[in-house]
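What follows is a single structure, written as structure tokens, with notes after it.
Because the structure is a prediction, the values reported are computed rather than measured. Proteins come first, then strands; the chains are lettered A, B, ... in the order of their sequence lines, and each starts at number 1.
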Number of protein chains: 2
Amino acid sequence: MVKSLAITRPIAREKQQVQTGKPLTKWSIFLINKKKKVQTNMTVHAMVESIVGCKWSLTVLSLIRQGINRPGAMQREVDGLTTKVLNERLVKLTRFGILHKQIYPESPPRVEYQFTEFGQHFLQIIDSIEKVQAELTSQ
Amino acid sequence: MVKSLAITRPIAREKQQVQTGKPLTKWSIFLINKKKKVQTNMTVHAMVESIVGCKWSLTVLSLIRQGINRPGAMQREVDGLTTKVLNERLVKLTRFGILHKQIYPESPPRVEYQFTEFGQHFLQIIDSIEKVQAELTSQ
DNA sequence: CCGTATCCCATAAGATACTG
DNA sequence: CAGTATCTTATGGGATACGG
């Protein structure tokens, strides 16, 4: 008899965190749930794992920072990025409160994503990655 | 007829990178392979994804920085970290040249991990994560 | 253009047991 | 103590098609 497998992968881990509210460390941050903010015991550490653990997340964040902030444009820019996955990432980053989704009621529909104030904090992490990259390259 | 699934997850991505040598961007760094250094077209971006994407990696790096650098001690410190996964992470981080494995030929055997000079660059990333955490907590 | 839905399968990580 | 091996299962992400 084998016990059921623990939830382990990034997206699953996130769900688990939200459900159980169990912290990895002592801090808490906010996670946006539908229309209200719900406090959960998720850490930046866990958030970073959950985000970076998902393929294309860093790519998407980089793109938006470069000003490529419309889904269609992103897909055109990146080879191999499918609609489904792109949307999953955008939804997730939005749920995390890192991105804000701006919908323009036009025809054809237009949507733009931008960093929230909260999300801007995360850019530091992207920065540090690029900084390391630069350091290692310059040698 | 469905084509074989592309290799997509962190560890798999790493293998793919090493095998094909296809870069995600224009930079190259080193990956330590057995006893010689082999240049491969892996980027810090990809490396970070591959590392952080794996559960417990950040935890392990944090532990080592705190001076908890022996496998047994790590396991005692962290709840839920199994031998198998811990070892997988340590091997990987060592292969990446981020950690150095120091073996003391004693009995009982003693092993200690420490950051390589190369690996110290990565501490910036951990730092930035902790900085963000601190920023978000202090509000 | 934007988003959702379905199908599919290689695989990450937990559980467990075992060796030097 | 350090590390390996085997088994297991839920799931991330690609492919594809469809709807507003």
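- Note that the CD1 atom of Ile126(A) and the CD1 atom of Ile64(A) stand 10.0 Å from one another [nearest 0.5 Å].
- Here the P atom of nucleotide dT4(D) and the CG atom of Leu86(B) are 11 Å apart, to the nearest Å.
- At a non-hydrogen distance threshold of 4.0 Å, Arg70(B), Pro71(B), Gly72(B) from residues 66-81 of chain B come into contact with DNA chain D.
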*What do the steps show when you test Met74(B) against Leu90(B) for side-chain contact (heavy atoms from CB on, under 4.5 Å), and what is the final call?*
CA-CA 11 Å; Met74(B) 293 184 201; Leu90(B) 290 171; 4.2 Å; yes

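- Under 4.0 angstrom from either OP1 or OP2 of dA13(C) there lies at least one side-chain N or O belonging to Arg13(A).
- Counting only residues at least two apart or on different chains, the salt bridge (charged side-chain N to carboxylate O under 4.0 Å, His left out) pairs with a member in residues 67-86 of chain B are Lys84(B)-Glu88(B).
- Contact between the side-chain N/O atoms of Tyr113(A) and the OP1/OP2 oxygens of dC2(C) is not found at any separation under 4.0 Å.
- Taking 4.0 angstrom as the limit, Trp56(A) places none of its side-chain polar atoms (N or O) nearer than this to OP1 or OP2 of dG12(D).
- Judged by distance alone, with hydrogens and angles left aside, Lys84(A) brings a side-chain donor or acceptor within reach of the base of dG14(D), the pair sitting under 3.5 Å.
- At the phosphate of dG14(C), OP1 or OP2 sits under 4.0 Å from a side-chain N or O atom of Lys55(B).
- With sequence neighbours excluded, the residues forming a salt bridge (charged side-chain N to carboxylate O under 4.0 Å, His left out) with Glu130(B) are Arg65(B), listed by chain and number.
- Between Ile103(A) atom CD1 and dC1(C) atom C1' there is a gap of 13 Å when expressed in whole angstrom units.
- OP1 or OP2 of dT4(D) sits under 4.0 Å from a side-chain N or O of Asn87(B).
- Nearest-nucleotide mapping onto DNA chain C: of Val111(A) and Arg89(B), the residue sitting toward the 5' end is Val111(A).
- For Arg9(B) against dA12(C), a side-chain-to-base donor-acceptor contact under 3.5 Å is absent.
- Among the nucleotides dT4(C), dG12(D), dG13(D), the one closest to the side chain of Thr83(A) is dT4(C).
- Atom pair Leu90(A):CG and dG3(C):C1' shows a separation of 11 Å (rounding to whole Å applied).
- The distance between atom CD of Glu88(B) and atom C1' of dA12(C), rounded to the nearest whole Å, is 8 Å.
- Taking CG from Leu61(A) and OH from Tyr113(A), the interatomic distance works out to 12.5 Å, rounded to the nearest 0.5 Å.
- Dashed line: the shortest gap from a side-chain N or O of Lys101(B) to OP1 or OP2 of dG3(D) is under 4.0 Å.
- Note that CD1 of Ile125(B) is 9.0 Å distant from CG of Leu58(B), once rounded to the nearest 0.5 Å.
- Between Leu86(A) and Thr82(A), the closest side-chain pair of non-hydrogen atoms is not below 4.5 Å.
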*Strand DNA chain D as a dot-bracket string - pairs counted if Watson-Crick or G-U with both distances under 3.5 Å, | where the partner lies in another strand*: ||||||||||||||||||.|

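- Taking atom NZ of Lys92(A) as the reference point, atom C1' of dT4(C) lies 19 Å away to the nearest angstrom.
- Lys131(B) and Ser128(A) share no donor-acceptor pair across their side chains, judged by distance under 3.5 Å alone.
- Taking 4.0 Å as the cut-off between side-chain N and carboxylate O, Lys55(B) and Glu49(A) do not count as a salt-bridged pair.
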*Go through the steps for Ser57(B) and Ile51(B) under the test side-chain contact (heavy atoms from CB on, under 4.5 Å), then give the verdict.*
CA-CA 6 Å; Ser57(B) 287; Ile51(B) 292 168; 3.7 Å; yes

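- Between Phe118(A) and Phe122(A), the two ring planes are tilted [angle within 30° to 60°].
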Produce the list of close N/O pairs, under 3.5 Å, pairing protein atoms with atoms of nucleotides 18-20 of chain C; give distances to one decimal.
none

Using a 3.5 Å cut-off and no angle test, enumerate the donor-acceptor pairs between side-chain atoms of residues 97-109 of chain B and protein atoms at least two apart in sequence or in another chain.
| from | atom 1 | to | atom 2 | distance (Å) |
| --- | --- | --- | --- | --- |
| Glu106(B) | OE1 | Arg110(B) | NE | 3.2 |
| Glu106(B) | OE2 | Arg110(B) | NH2 | 3.1 |

